[in-house]
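Heads up: numbering here begins at 1 and tracks the sequence. Atom set for the values below is all heavy atoms of this structure, side chains included, hydrogens, waters and symmetry mates excluded.
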Amino acid sequence: MKKLFMAFAAVVSMALVACGPSKLEIQEMSSQCDVMIEVRQVLNDSISLMIGNTLYLNSKQVLGENLFPLLVSTRDPQEIERLTSTDVVNDEAGLLTYLRYTSPDMVNFGIVIGETAYNEIGFDEEKIVNTLKDIFVKVDGGSLVLFHEKGGELTAAKKLF
């Protein structure tokens, strides 16, 4: 009976592992995103940073009731430390316009919840994911994938639409 239970447990655990995307599938899903929004703690800064096609959304800025106004500074990937002016994004349309500068034909979005985002007291993953989902659903023909990150690697992926 004990062996039968162990065999059943092994089969169930393999089935559960097979349900989620593999590490390779997660990497493929992330590479298909035109724009990535990484929600994480941005140390020594109170603004969000746009580097390449990735917006590092400071988890400090998402704690309030409203995401906007959002303070964003664009940085050159080759010179990240070089300070640039900060832009104020006032609404959802403004955020989409801001993101279009780096990816004019954007339709595929990714949201990465970094492990450091949870360091901010009061951080609510569900709230920020729903807020961003409501923004990106307005892009016709688009897709949105939610990723989780730990130790600098994407560990999970879930297609939201």
Side-chain angles (χ1 to χ4, degrees), residues 19-78 80 83-161:
C19 291
S22 69
K23 189 173 184 177
L24 180 61
E25 290 171 322
I26 291 171
Q27 289 173 346
E28 287 176 3
M29 292 169 82
S30 70
S31 68
Q32 293 172 354
C33 292
D34 299 319
V35 174
M36 293 291 279
I37 309 294
E38 292 199 22
V39 182
R40 60 181 60 250
Q41 192 176 33
V42 180
L43 296 175
N44 303 323
D45 220 336
S46 60
I47 62 173
S48 297
L49 302 174
M50 186 72 185
I51 303 173
N53 70 334
T54 303
L55 174 63
Y56 293 93
L57 187 57
N58 192 338
S59 55
K60 243 182 231 179
Q61 289 188 279
V62 301
L63 293 180
E65 289 300 311
N66 194 357
L67 179 62
F68 303 101
L70 182 65
L71 302 174
V72 184
S73 179
T74 303
R75 303 283 169 91
D76 181 352
Q78 304 300 321
I80 292 175
L83 298 178
T84 58
S85 62
T86 300
D87 297 311
V88 178
V89 178
N90 290 312
D91 54 20
E92 296 174 358
L95 179 60
L96 290 174
T97 302
Y98 189 86
L99 295 174
R100 284 196 193 283
Y101 287 125
T102 60
S103 184
D105 300 323
M106 66 181 186
V107 290
N108 300 313
F109 302 95
I111 300 172
V112 179
I113 303 297
E115 65 182 322
T116 61
Y118 297 101
N119 293 343
E120 293 292 342
I121 297 169
F123 175 75
D124 184 0
E125 176 184 335
E126 184 177 342
K127 182 179 143 195
I128 188 60
V129 168
N130 286 333
T131 299
L132 293 172
K133 182 179 176 183
D134 291 343
I135 295 169
F136 297 136
V137 77
K138 295 174 183 173
V139 177
D140 292 332
S143 68
L144 178 64
V145 180
L146 174 63
F147 299 96
H148 284 89
E149 176 261 344
K150 185 168 187 174
E153 290 189 25
L154 297 177
T155 57
K158 178 182 175 186
K159 189 165 186 171
L160 300 178
F161 66 82

Inset, instruction - Could you please spell out the steps behind the side-chain contact (heavy atoms from CB on, under 4.5 Å) verdict for I37 and L99? - result: CA-CA 10 Å; I37 309 294; L99 295 174; 4.2 Å; yes
Inset, instruction - Before giving the answer on side-chain contact (heavy atoms from CB on, under 4.5 Å), spell out for K159 and L146 the whole-Å C-alpha distance, their side-chain angles and the decisive distance to 0.1 Å. - result: CA-CA 6 Å; K159 189 165 186 171; L146 174 63; over 6 Å; no
Legend entry - L57 side chain near L70 side chain, heavy-atom distance below 4.5 Å: yes
Inset, instruction - Taking the side chain as every heavy atom from C-beta outward, state whether V129 and K158 have any atom pair closer than 4.5 Å. - result: no
Legend entry - Where T84 and S73 come nearest, the two heavy atoms and their spacing: OG1-OG, 2.8 Å
Inset, instruction - Heavy atoms only: give me the nearest Q27-S30 pair and the separation to one decimal. - result: O-OG, 2.9 Å
Inset, instruction - Sequence neighbours left out, what passes side-chain contact (heavy atoms from CB on, under 4.5 Å) with N119? Give chain and number order. - result: Q41, T116
Inset, instruction - Taking all heavy atoms of P77 and all of G52, pick out the closest pair and write down the distance. - result: CG-N, 4.0 Å
Legend entry - Spatial distance of atom CD (E125) from atom OH (Y118) [nearest 0.5 Å]: 3.5 Å
Inset, instruction - With sequence neighbours excluded, tell me which residues meet side-chain contact (heavy atoms from CB on, under 4.5 Å) with D124. - result: E126, K127
Inset, instruction - Scan for side-chain hydrogen bond (donor to acceptor under 3.5 Å, both in side chains) pairs involving residues 51-61, sequence neighbours excluded, and state none if there are none. - result: S48-Q61
Inset, instruction - Not counting sequence neighbours, list each pair that qualifies as a ring pair (Phe, Tyr, Trp, His ring centres under 6.0 Å) and has a residue in residues 126-161. - result: F109-F136
Legend entry - With E153 via side-chain contact (heavy atoms from CB on, under 4.5 Å) - residues at least two apart: K23
Inset, instruction - Measure the CD-OG1 distance between E115 and T155 for me, rounded to the nearest 0.5 Å. - result: 8.5 Å
Legend entry - I113 and R40, any side-chain heavy atoms less than 4.5 Å apart: no
Inset, instruction - Only counting residues at least two apart or in another chain, list the ones meeting side-chain contact (heavy atoms from CB on, under 4.5 Å) with V107. - result: D34, V139
Inset, instruction - Calculate, to the nearest 0.5 Å, the distance between atoms CG and CG belonging to L67 and N90 respectively. - result: 11.5 Å
Inset, instruction - Starting at CD1 of I128, measure out to NZ of K133 and round the result to the nearest 0.5 Å. - result: 14.0 Å
Legend entry - Interatomic spacing from OG1 in T131 to CD in E92 - rounded to 0.5 Å: 8.5 Å
Legend entry - From CG (D91) to CG (L96), nearest 0.5 Å: 9.0 Å
Inset, instruction - Compare every heavy atom of V89 with every heavy atom of G94, then report the nearest pair and how far apart it is. - result: C-CG1, 3.5 Å
Inset, instruction - Would you name the heavy atoms of A157 and P21 that are closest together and state the gap between them? - result: O-CG, 3.7 Å
